[in-house]
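Below you'll find the structure, written out as structure tokens, and then a few comments.
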2 protein chains.
Amino acid sequence: MTSHRSQRPATIPDVAREAGVSRSTASRALADYGSVSPDARERVHAAAAKLGYRPNQLARSMITGRTHTLGVVVADIQNPFFAGATRGIADAARAAGYQVLLANTDEDLTQERSAVKMLRDKHVDGIIIAPASSSSTAHLVALREARCPLVLLDREVPSLDTDTVTVDNRGAAEDAVRRLLEAGHRRIGMVTLGGSGEERAAQEGRHGGADRREETDRHRAAGRADGGEGPQRGHGPDRRRAEPPAQVSTGVERAEGFRAALHAAGLKDPDTYVRVGVHGQDPAALTTELLRLPQPPTALFTTDSLIALGALSAVQEAGLRVPDDVSLITFDDADWTSVIRPRVSVVAQPVQELGARAVRALVARIEGRSQARSEHIVLDTTFVSRDSVAPPPSR
Amino acid sequence: MTSHRSQRPATIPDVAREAGVSRSTASRALADYGSVSPDARERVHAAAAKLGYRPNQLARSMITGRTHTLGVVVADIQNPFFAGATRGIADAARAAGYQVLLANTDEDLTQERSAVKMLRDKHVDGIIIAPASSSSTAHLVALREARCPLVLLDREVPSLDTDTVTVDNRGAAEDAVRRLLEAGHRRIGMVTLGGSGEERAAQEGRHGGADRREETDRHRAAGRADGGEGPQRGHGPDRRRAEPPAQVSTGVERAEGFRAALHAAGLKDPDTYVRVGVHGQDPAALTTELLRLPQPPTALFTTDSLIALGALSAVQEAGLRVPDDVSLITFDDADWTSVIRPRVSVVAQPVQELGARAVRALVARIEGRSQARSEHIVLDTTFVSRDSVAPPPSR
DNA sequence: GACGAGATTGGGAACGTTCCCAAAAGCATC
DNA sequence: GATGCTTTTGGGAACGTTCCCAATCTCGTC
């Protein structure tokens, strides 16, 4: 086969000519629709094999309006969480007959917007996105208006009516923190990273200097610790920059769960030990800040495995030990958590499954076999109890 | 703008009509080529903005023959090495104005072949691949024959004349092992994973027809695994399953470096402590096998961070400690290697840079600005000395 | 006012497919 | 042999763009 080693790849007209039929008949025989006589069908297939014919998907997409391609927009493929989710997406997409066009945004809204634009221009059949912001969502709204199927992965956007695949972040965080409380901890720290520096600077109203941004972020992060829940609001008029909207829903929800647990235990000022950094910031520094407090936390709750690593190194740097001096629970069951000593107790998310379900929901939407109402899939997390939680040190 | 919220997205004819010019003029004004009067240009741009015109890249690709899309085929996006490389690829591609179509093959040749086929059908401008096999490469050869730009990432295929981006695996491995030797070790184990189970099963001869080709490959690869160095050949006929062919070039080269170091130190039977598993196999089990030997190795060399994790857990399982009982060096500076105690000494590869260089080489090839001869980029590894290497225990 | 050079413009074709529809062929029935 | 039905076939158009080329316009010069 493929004996004719012609320069130009064979097209349907070529195959038709070789088989002695018309374009239409050849097309029907190859795509297997309409009616074709057994004889013609066979000749066409033989000709196609002989010429090494491969259908041009671009041309096909032009006509059918379908590319069989899914756009995937994530913050950071290097984060094991997203690597796992992407893996799940890739596998499920392949199984469903779709390919994956990947964009990495580094939590940067500008990049996210341009990625979405590109994906639209390339006419992907649908998009799976872990949006960098739950507030700046014009590009996502536009997507919906253009009737482009859209599934939100891991993160939610309250104002957007679309399918989502998430976990119960609030509940899982509350459960994890409750375990720390049950171990006897009263001073529990939370370290998380949320939103992009860029967006925050933009929201602050100034956008010029790149380093001023850092500075605002810092205030913001500190401010975030001030709350966001109603009761804590009335700080006075000039604290405006002290009430930053938490950018990604997961961060917000986990913080809510964190607070709820503390609240239920009758602890006040739950945000004393909360540190929210911007993406790219060193979580170790944030942790060190906590550990240097006059009354440092005796337990730490971190919202992903990379942050946990930073926290761990800050703890070591401070000459402290897990779990004797500081207990630790983190979101995400990274590969090292069960090998490192002490093994780290984690809130395990079904990362691949999250991606796979997103694909299934998206494909269902694309292929028109799903109800009008948007679907909100919430998968279970699993608390994996290991050795990083102990009672607080007795002083 | 975009006041006309029409169902069908605007096309060039729409814009032309709105601006009162012809299709051609509109196209020229938008794509900015040929000559267009300032007046016409302005009217066209105004019309485009008003209608919210977005060029259809599919149609454009049909004409230009360029999709501005790069195909990326990797074994496992969840492996931090590939996650990092993919990250580098995604970033560099975006910078160069390309998008990334991702395929995950799980080291499975069948999947790899079909991924390559799909990418060709979608007319990607070029492909970056970390091939699962350095011997079964018909699909890659076909790619070359179709003049599809191709860059090999991380792994080489000797028989294929194309650009490659790698590190000096042999040298880096030799250097690492030499360090173990210098610390006084004489029994050094190597744990690696190579090739896919599927291919091996096929190569063992049981797998139906169509694979006889594969079988010949096996003999070749086996010869290669023996070192290619004459002296070590004669092991006797029945040791065949003790000499699994390392399928991917990195595995082979690292094994070569390993043997070269032992050889230079005057040690014989360098393969006594070499364990090669198939992809998906548990590296901990392989390690345990080594540790249970009557004369177990006092140092371990692993070829990626996931294997190191497995080795580490086997060492712990055996009640041994790093580095007191067993020293460890691994390829790949995963995030946890500097946080875990003891910190693990590693051969760090410039993962993102590897991906970025692959993109640059590929884009240069695509855009025709590279010489005819294929380019072999070899990046430097860095040995990061930490705390996992100590002298062997004195008995 | 005729001429030519250069800018500007618009129509037609092309890319490779699928889809629509009308024509042709096959075949049984009256 | 004409009629009607079904199967098979092929030509034309369409998708939305870019490219080619010839036609027109502008304008300065003799």
Side-chain angles (χ1 to χ4, degrees), chain A residues 6-45 47-48 51-69 118 120-125 146-147, chain B residues 6-45 47-48 51-69 118 120-125 146-147:
Chain A
S6 66
Q7 206 62 305
R8 190 176 56 81
T11 66
I12 284 204
D14 297 331
V15 172
R17 201 174 307 121
E18 178 75 26
V21 297
S22 71
R23 276 196 327 260
S24 310
T25 303
S27 176
R28 273 189 294 261
L30 292 169
D32 201 33
Y33 75 96
S35 76
V36 184
S37 68
D39 175 51
R41 173 191 313 277
E42 197 176 330
R43 287 213 312 281
V44 168
H45 279 123
L51 300 179
Y53 169 76
R54 315 243 56 211
N56 182 332
Q57 299 297 343
L58 255 45
R60 173 173 287 177
S61 294
M62 280 238 50
I63 296 292
T64 62
R66 296 271 305 280
T67 53
H68 276 267
T69 305
M118 298 282 199
R120 277 182 68 178
D121 291 350
K122 284 240 165 85
H123 285 227
V124 295
D125 291 338
R147 307 207 167 288
Chain B
S6 67
Q7 206 62 305
R8 190 175 55 82
T11 67
I12 284 204
D14 296 331
V15 173
R17 201 174 308 121
E18 178 76 26
V21 298
S22 72
R23 274 195 334 252
S24 310
T25 304
S27 176
R28 273 189 296 261
L30 292 169
D32 200 35
Y33 74 96
S35 76
V36 183
S37 69
D39 176 51
R41 171 191 313 278
E42 198 176 328
R43 287 211 313 282
V44 169
H45 279 122
L51 300 179
Y53 169 76
R54 314 243 55 211
N56 182 332
Q57 300 296 343
L58 255 45
R60 173 173 288 176
S61 294
M62 280 237 51
I63 295 292
T64 61
R66 297 270 306 280
T67 53
H68 277 267
T69 305
M118 297 282 199
R120 277 182 70 179
D121 290 350
K122 284 241 164 85
H123 285 227
V124 296
D125 291 338
R147 308 205 167 290

Nearest-neighbour nucleotide for the B:Pro38 side chain, D:dG10, C:dT8, C:dT17 considered: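 That would be C:dT8.
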Residue A:Met62, side-chain heavy atoms: nucleotide from C:dG10, D:dC15, D:dG10 that is nearest: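 Of C:dG10, D:dC15, D:dG10, D:dC15 is nearest to the side chain of A:Met62.
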Would you say [X] reaches [N]'s phosphate, i.e. side-chain N/O to OP1/OP2 under 4.0 Å?
{"X": "B:Thr25", "N": "C:dG10", "answer": "yes"}
{"X": "B:Thr11", "N": "D:dG16", "answer": "no"}
{"X": "B:Ser35", "N": "C:dA7", "answer": "no"}

Contact state string [nucleotides 18-26 of chain D, B base, S sugar-phosphate only, - no protein heavy atom under 4.0 Å]: BB-------
Result of checking A:Val21, A:Val44, A:Thr25 against A:Val36 for side-chain contact (heavy atoms from CB on, under 4.5 Å):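 With A:Val36 as partner, side-chain contact (heavy atoms from CB on, under 4.5 Å) holds for just one option, A:Thr25.
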Please state how far atom [atom1] in [X] lies from atom [atom2] in [N], giving the value in whole angstrom units.
{"X": "B:Lys122", "N": "C:dC15", "atom1": "NZ", "atom2": "P", "answer": "23 Å"}
{"X": "B:Asn56", "N": "C:dC15", "atom1": "CG", "atom2": "P", "answer": "18 Å"}
{"X": "A:Asp14", "N": "C:dT17", "atom1": "CG", "atom2": "C1'", "answer": "13 Å"}
{"X": "A:Arg17", "N": "D:dG10", "atom1": "CZ", "atom2": "C1'", "answer": "15 Å"}
{"X": "A:Leu51", "N": "C:dG16", "atom1": "CG", "atom2": "C1'", "answer": "15 Å"}
{"X": "A:Leu58", "N": "C:dC15", "atom1": "CG", "atom2": "C1'", "answer": "10 Å"}
{"X": "B:Asp121", "N": "C:dT17", "atom1": "CG", "atom2": "P", "answer": "10 Å"}
{"X": "A:His123", "N": "D:dC15", "atom1": "NE2", "atom2": "C1'", "answer": "11 Å"}

Between [atom1] of [X] and [atom2] of [Y], what distance do you get to the nearest 0.5 Å?
{"X": "B:Asp125", "Y": "B:Thr64", "atom1": "CG", "atom2": "OG1", "answer": "8.0 Å"}
{"X": "A:Ser61", "Y": "B:Met62", "atom1": "OG", "atom2": "CE", "answer": "10.0 Å"}
{"X": "A:Thr11", "Y": "A:Arg54", "atom1": "OG1", "atom2": "CZ", "answer": "14.5 Å"}

Exercise: identify the closest heavy-atom pair between A:Tyr53 and A:Ala10: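 Nearest heavy atoms, A:Tyr53 then A:Ala10: CD1-O, 3.3 Å.
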A:Lys122 and B:Thr69: side chain donor to acceptor below 3.5 Å: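 A pair is found: one side chain offers a donor N or O, the other an acceptor, under 3.5 Å apart.
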Side-chain donor/acceptor of B:Arg43 to backbone N/O of B:Ala19, under 3.5 Å: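 It does hold such a pair.
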Inter-axis angle, terminal five-pair segments of the helix from C:dG1-D:dC30 to C:dC30-D:dG1 [nearest 10°]: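 The end axes of the helix from C:dG1-D:dC30 to C:dC30-D:dG1 are about 70° apart, to the nearest 10°.
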Test log, rule side chain to side chain contact (heavy atoms under 4.5 Å, CB included), inputs A:Gln57 and A:His68: CA-CA 9 Å; A:Gln57 299 297 343; A:His68 276 267; over 6 Å; no
Residues in side chain to side chain donor-acceptor pair (under 3.5 Å) contact with B:Arg23, at least two apart in sequence or another chain: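 B:Arg23 satisfies side chain to side chain donor-acceptor pair (under 3.5 Å) with no other residue.
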Sugar-phosphate, base or nothing in reach of B:Ser37, heavy atoms under 4.0 Å: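 Contact class for B:Ser37: sugar-phosphate only.
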